[in-house]
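The first residue in the sequence is number 1, and the count goes up from there.
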Amino acid sequence: MITPSSSIIYSVLAYVANPGNNTVSIIDTETNLMIYNILVRSIPYRLAITPDGRRIFVANYGDLTISVIDTIAHAVTATIFTEGDPSGLAITPDGSRIFVTNEDNNTISVIDIATNTVIATVYVGTTPNEVAITPDGKCTYVTNADSDNVSVINTNTNTNTVISTISVGYKPSGVAITPDGNHAYVTNKFSDNVSVINTALNTVISTIFVGYKPSGIAITPDGNHAYVTNLGSNNISVINTATNTVTATVSVGDAPSGIAITPDGTHVYVTNEFSDNVSVINTATNTVTSTIDIGSNYFPVRILIKNGM
């Protein structure tokens, strides 16, 4: 494994959360090699990155903390104590706040990034799971796994109040918002489908059946396709967002969970939890072009991608 150096220029880097050994792995997407591991705290699960790409926040599900990683030094520089078991997290487009789901007490912690302190608590549905913020920063969408709905929080005025609750499928999990902010796509793990929400009306306008136990979801930078990890069928569903139909299915490893797309939209990276590896999909052909070993019993669950420096 290569040790990162400040003198090395990386094109695009992927960061992988590994609850099996409490690390975040770094992958150089140009070579598809794992170049470094960063030790965090107990059971890292999901990640979010600041708009300037300089800091990554890691939700440590096992000990009520968030680790803050400096992406230049490749090291943890701070630890934030939350108000519950942190699961999902998302950062506002202006980089000022982070919204964290606390599964055990049905709340969202709002953290001021400048001070790394919790500044507000918002009550949502039962077992909030993942979270996504609209590109204009006005609304935050939270999947509530045990109430089968999505909470919409008004974030633009800093009132942090729930303004809408949207019924979706059974056990909603992942959520992603299109680049134009017009639609939110929600994976419903035990309904085997995806709900499409019109964000202007906050109503479901389409339901798309995918594979078994859909979990993660990511949308291409051009907004034309959504990629869904099907945890139970070991494949990826590719959705055409213009027609809301599945146009391709790609087989990957065992228990695909996390998913991220390169900034140029040419490749999709998928964490396969029980295969201890990452599949790389070429979006032009929707075929797996590379498989990256992470480490035995690392159980990689989530991934994000950032531009190099």
Under a 3.5 Å distance rule, please check whether Asn18 uses its side chain to pair with a backbone N or O of Phe299 as donor and acceptor. no
Relative to each other, are the rings of His74 and Tyr15 parallel, tilted or perpendicular (30° and 60° limits)? parallel
Any side-chain donor-acceptor pair under 3.5 Å between Asn32 and Tyr269? yes
Is the closest side-chain donor-acceptor distance between Thr127 and Asn144 under 3.5 Å? no
Smallest heavy-atom separation, Ile133 atom then Gly137 atom, equals CG2-CA, 4.0 Å
Any heavy-atom pair between the side chains of Ile153 and Thr161 that's under 4.5 Å? no
Between Asn37 and Ser25, is there a side-chain donor-acceptor contact under 3.5 Å, judged purely by atom types and distance? yes
Decide whether Tyr61 and Leu89 are clustered together by the hydrophobic rule: side chain heavy atoms of Ile, Leu, Val, Met, Phe, Trp, Tyr closer than 4.5 Å, transitively. no
Got more than 12 heavy atoms from elsewhere within 6.0 Å of NZ, Lys213? no
Check the side chains of Thr79 and Arg41 for a donor-acceptor pair under 3.5 angstrom, ignoring hydrogens and angles. no
Do Asn202 and Tyr141 have side-chain N/O donor and acceptor atoms under 3.5 Å apart? yes
Co-membership, hydrophobic cluster, residues Ile281 and Val278, 4.5 Å side-chain: no
Under the side-chain contact (heavy atoms from CB on, under 4.5 Å) test against Thr143, which residue among Asp148, Asn149, Thr187, Asn129 passes? Asn129
So which of Thr220, Ile219, Ile239 actually passes side-chain contact (heavy atoms from CB on, under 4.5 Å) with Tyr227? Thr220
Locate the shortest heavy-atom distance separating Pro86 from Gly84; write the atom from each residue and the value. CD-O, 3.0 Å
What heavy-atom pair brings Tyr212 and Ser233 nearest, and what distance separates the two atoms? N-OG, 3.1 Å
Same cluster (ILVMFWY, side-chain, under 4.5 Å), Val131 and Ile119: yes
Between Asn272 and Asp254, do the side chains contain a donor N or O and an acceptor N or O under 3.5 Å apart? no
Test: Glu130 and Arg302 ion pair at under 4.0 Å: yes
Atom pair OH/CG of Tyr298 and Asp276 - distance to nearest 0.5 Å: 9.0 Å
Do we see a donor-acceptor contact under 3.5 Å between the side chains of Ser109 and Asn102? yes
Ignoring hydrogens and angles, state whether a donor on the side chain of Ser195 or Asn188 is under 3.5 Å from an acceptor on the partner side chain. yes
